[in-house]
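The structure presented is a predicted model; accordingly, all values stated were derived computationally and were not measured. Protein chains get the first letters and strands the later ones, always in sequence-line order, with residue 1 at the start of each. We use all heavy atoms of the structure for the numbers below, so side chains are in, but hydrogens, waters and symmetry mates are not.
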2 protein chains.
Amino acid sequence: MGSRDRESRVRVDLTAVVIAVREGTPCVLTVEASAQPAIALPSGPLEPGHQSLQSGLRSWVERQTQHPLGYVEQLYTFGDRATAQLEPDVASQQKAISITYLALVASTDPPRQGRWRNWYDFFPWEDMRAGVPAARDPLLKRLKSWAGKPGRPTNKRRLERARLTFGIGDAPWDEERVLERYELLYEAGLVPEAFVDRGTQPPSRINNAVSGLPMVSDHRRILATAISRLRAKIKYRPVLFELMPPAFTLSELQKTAEALSGIPLHKQNFRRLIAQQGLVEETGEVAMDTGGRPAKLVRFRREVTLERPAPGVRVSATRRGSYP
Amino acid sequence: MGSRDRESRVRVDLTAVVIAVREGTPCVLTVEASAQPAIALPSGPLEPGHQSLQSGLRSWVERQTQHPLGYVEQLYTFGDRATAQLEPDVASQQKAISITYLALVASTDPPRQGRWRNWYDFFPWEDMRAGVPAARDPLLKRLKSWAGKPGRPTNKRRLERARLTFGIGDAPWDEERVLERYELLYEAGLVPEAFVDRGTQPPSRINNAVSGLPMVSDHRRILATAISRLRAKIKYRPVLFELMPPAFTLSELQKTAEALSGIPLHKQNFRRLIAQQGLVEETGEVAMDTGGRPAKLVRFRREVTLERPAPGVRVSATRRGSYP
DNA sequence: CCCTATAATGCTCAGTTTGAGCAAAAGGAG
DNA sequence: CTCCTTTTGCTCAAACTGAGCATTATAGGG
């Protein structure tokens, strides 16, 4: 605790995962990168002028998206492992860390810089809304061949891990395990980043429709962290509403919840949940463009933010259980 | 992003909240500080030799406590607000951030440096195990006088916030809101740190038995963050077992859960929960020193770490509801 | 104007989980 | 052998969940 004059000083980057939902599509704000995979998360250095970490992030993201960030939450702070590999010339003398944030915005208007992308373009295996996605089968097949014959204990453990994280057989699909699944695929060499980090060429059998779009550095891992966190958080905190316009229908709310969690929800139970939690109140108006019976418009009751306990949206899939 | 050569570089501190439980007392590792309040959390600079952030922390904490850290989790990364105030001469040119970690150890043997302290010495109002603690009444009284007469809207909001965070009246006591409660007390000027940060003298009516022991800088806030996280986490991840010896009885496990969550648990239901989750298995031996019927010794089933869903210890108070 | 398709909304019901408590079992102390 | 203490086994009602049937309110086509 005494005085230490010769500590190393490091560069600090603030990286943002900015999320919005547009008509059932969960979107993440991306920018062009000059490096290998061309897609990156928006990121900027911590500047001396910034009052605090969060306000620093807030100001420059709002400048770029032109929309107020409804919600900002710190995700994780990463050491420089990946960064060191990106810039090998800088060497280990110059450390860097990146502090990552999750931000939610209510609008998907085109940002000044960068563009919105469907987050399932990066994680095709995560979208279970319309049943088993096409990417799942080939992935599981390759995972199995990576695990190998169940004879050796290592292989057995690999197989068991794949079974549990991907919900194979009688293991339930847990939509929150986005990061675990990505890390398993990384270890198994099924995403191109694994080879970029090793400095080798990814095998040609990897294709983006199955493995998802790659991102610069460890940005896809950061995005996976954000999705995991968000899928968990909507269950116990009313963050879902940060993604909604001021007035909306319960169906639209459900569509948003499904977009994030990637599983279909039981409509009646979803409404029951929202109703009994007292999360919304009717505006008095109705939406006529439903295609069927008009839907009542509601608004979020900001007051409940404090109330608790657990004013979240517990998502429960229509068909709980496992996917093949 | 492009090359930025003139970013500011900052100092990075790694701060640890090391937790252990000894016979129903939750303990936190503290060290002596030379600054104003004499108590601090162990903390060290990020050094160039450190492979990763976590391993850096791990190595020097293990060196100090002489016990392996069973579990390490990143808590939060703080900007330099508090630090700037600690060392005003350094000015805003030299930023500093501290990355904080929560660590759990199974033993409470005296560490080489520092000492274990009952964490309720810092948060006397958080221990509801034996009913309403003595510190609660005077605190609530002062909170009310801080909020003022309910006439103005500001006062009304303050009162409502106090009601919800402290579970006054018909609001339920939520043991996880440790940080919110501390921040409310800070704003209300009921903890000495509030005055230290402002550079003024704390009023003499503040006494440690009610306001808890103060700590250096924002360390008590960090500890509150750690306790909040831990109280939440034991409900959905089996971290509780990181604090236990290899073999233990269910009562000892319950004592530990109660120590952390600060509320009394219903014994039979607690056992039912542990049993049906398959979290432990019998060793075959019994503990005879119970004072009554001998208790079977059990051990944690490490395998379940992967299994899920939610292999945690849902704590549910004996008497749910509110405290006066 | 009636019929049909479509979605919103209302309600029921069985299975499970949760909170609470009674009672028996198995030791030690006097 | 009896009392005291703690562990352990078991029951029961209330609340919660997952699932599905039924009704209502619009639009569009005959």
Side-chain angles (χ1 to χ4, degrees), chain A residues 23-24 172-173 175 235-236 247-258 261 263-298 309-322, chain B residues 23-24 172-173 175 235-236 247-258 261 263-298 309-322:
Chain A
E23 288 159 24
W173 170 259
E175 80 280 356
K235 291 178 187 166
Y236 60 93
F248 50 90
T249 69
L250 288 185
S251 285
E252 289 164 352
L253 186 66
Q254 181 178 346
K255 278 263 174 306
T256 304
E258 289 174 332
S261 57
I263 53 179
L265 304 179
H266 185 277
K267 184 183 287 213
Q268 294 94 322
N269 292 347
F270 180 81
R271 316 177 128 253
R272 176 175 63 186
L273 185 71
I274 303 293
Q276 77 189 172
Q277 295 243 36
L279 289 172
V280 300
E281 61 194 0
E282 299 181 5
T283 67
E285 294 165 295
V286 290
M288 301 297 287
D289 57 343
T290 54
R293 175 173 173 171
K296 290 174 186 164
L297 283 172
V298 298
V313 176
R314 268 158 286 164
V315 291
S316 59
T318 296
R319 33 176 174 169
R320 200 183 197 65
S322 50
Chain B
E23 288 159 25
W173 170 258
E175 80 280 355
K235 291 177 188 167
Y236 60 92
F248 50 89
T249 69
L250 288 184
S251 285
E252 289 164 351
L253 185 66
Q254 181 178 348
K255 278 263 175 304
T256 304
E258 289 174 331
S261 57
I263 53 179
L265 304 179
H266 186 276
K267 182 182 286 211
Q268 294 93 322
N269 291 348
F270 180 82
R271 318 177 125 252
R272 175 174 65 186
L273 186 71
I274 303 293
Q276 78 188 172
Q277 295 242 39
L279 290 172
V280 299
E281 61 194 0
E282 299 181 6
T283 66
E285 292 164 295
V286 290
M288 302 298 285
D289 57 342
T290 54
R293 175 173 174 170
K296 289 175 186 165
L297 283 173
V298 298
V313 177
R314 269 158 285 164
V315 291
S316 58
T318 296
R319 34 174 174 172
R320 204 189 195 59
S322 51

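A donor-acceptor contact under 3.5 angstrom links the side-chain atoms of A:R272 to the base of D:dG18.
A:Q268 places its CD atom 14 Å from the C1' atom of C:dC13, with the value rounded to the nearest Å. Protein atom CG of A:L273 is 15 Å distant from nucleotide atom C1' of D:dA19, rounded to whole Å. One atom, CZ of A:F270, and another, P of C:dT9, lie 12 Å apart when rounded to the nearest Å. Atom-to-atom, NE2 of A:H266 to P of C:dC13 comes out at 16 Å; the value is rounded to the nearest Å. For the pair B:K296 NZ and C:dG27 P, the computed distance is 11 Å after rounding to whole Å. Spacing between atom CG of B:D289 and atom P of C:dA26 amounts to 19 Å, rounded to whole angstrom units. Residue B:L253 contributes atom CG, which lies 16 Å from atom C1' of D:dT8 at whole-angstrom precision. When rounded to the nearest whole Å, the span between CG of B:N269 and C1' of D:dC10 equals 12 Å.
Here the closest non-hydrogen pair linking A:L265 and A:A257 is CD1-CB, 3.9 Å. Heavy-atom minimum distance, B:K235 versus B:E175: NZ-OE2, 2.6 Å. Taking both residues in full, the closest heavy atoms of A:S251 and A:K267 are given as OG-NZ, 3.8 Å, listed atom of the first, atom of the second, then distance.
Among the heavy atoms of the strands lying under 4.0 Å from A:S251 are primed sugar atoms or P, OP1, OP2 only; no base atom is included.
With sequence neighbours excluded, the residues forming a side-chain contact (heavy atoms from CB on, under 4.5 Å) with B:T290 are B:A295, listed by chain and number.
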Write down the protein N/O and nucleotide N/O pairs, taken from nucleotides 23-27 of chain D, whose separation is under 3.5 Å; answer none if there are no such pairs.
| residue | atom | partner | partner atom | Å |
| --- | --- | --- | --- | --- |
| D:dT24 | O4' | A:R293 | NH1 | 3.4 |
| D:dT24 | O2 | A:R293 | NH1 | 2.9 |
| D:dA25 | O4' | A:R293 | NE | 3.4 |
| D:dA25 | N3 | A:R293 | N | 3.4 |

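A sub-4.0 Å separation between OP1 or OP2 of C:dA8 and a side-chain N or O of A:T290 is absent.
Among C:dG21, D:dT8, C:dA8, the nucleotide with an atom closest to any side-chain atom of B:R271 is D:dT8.
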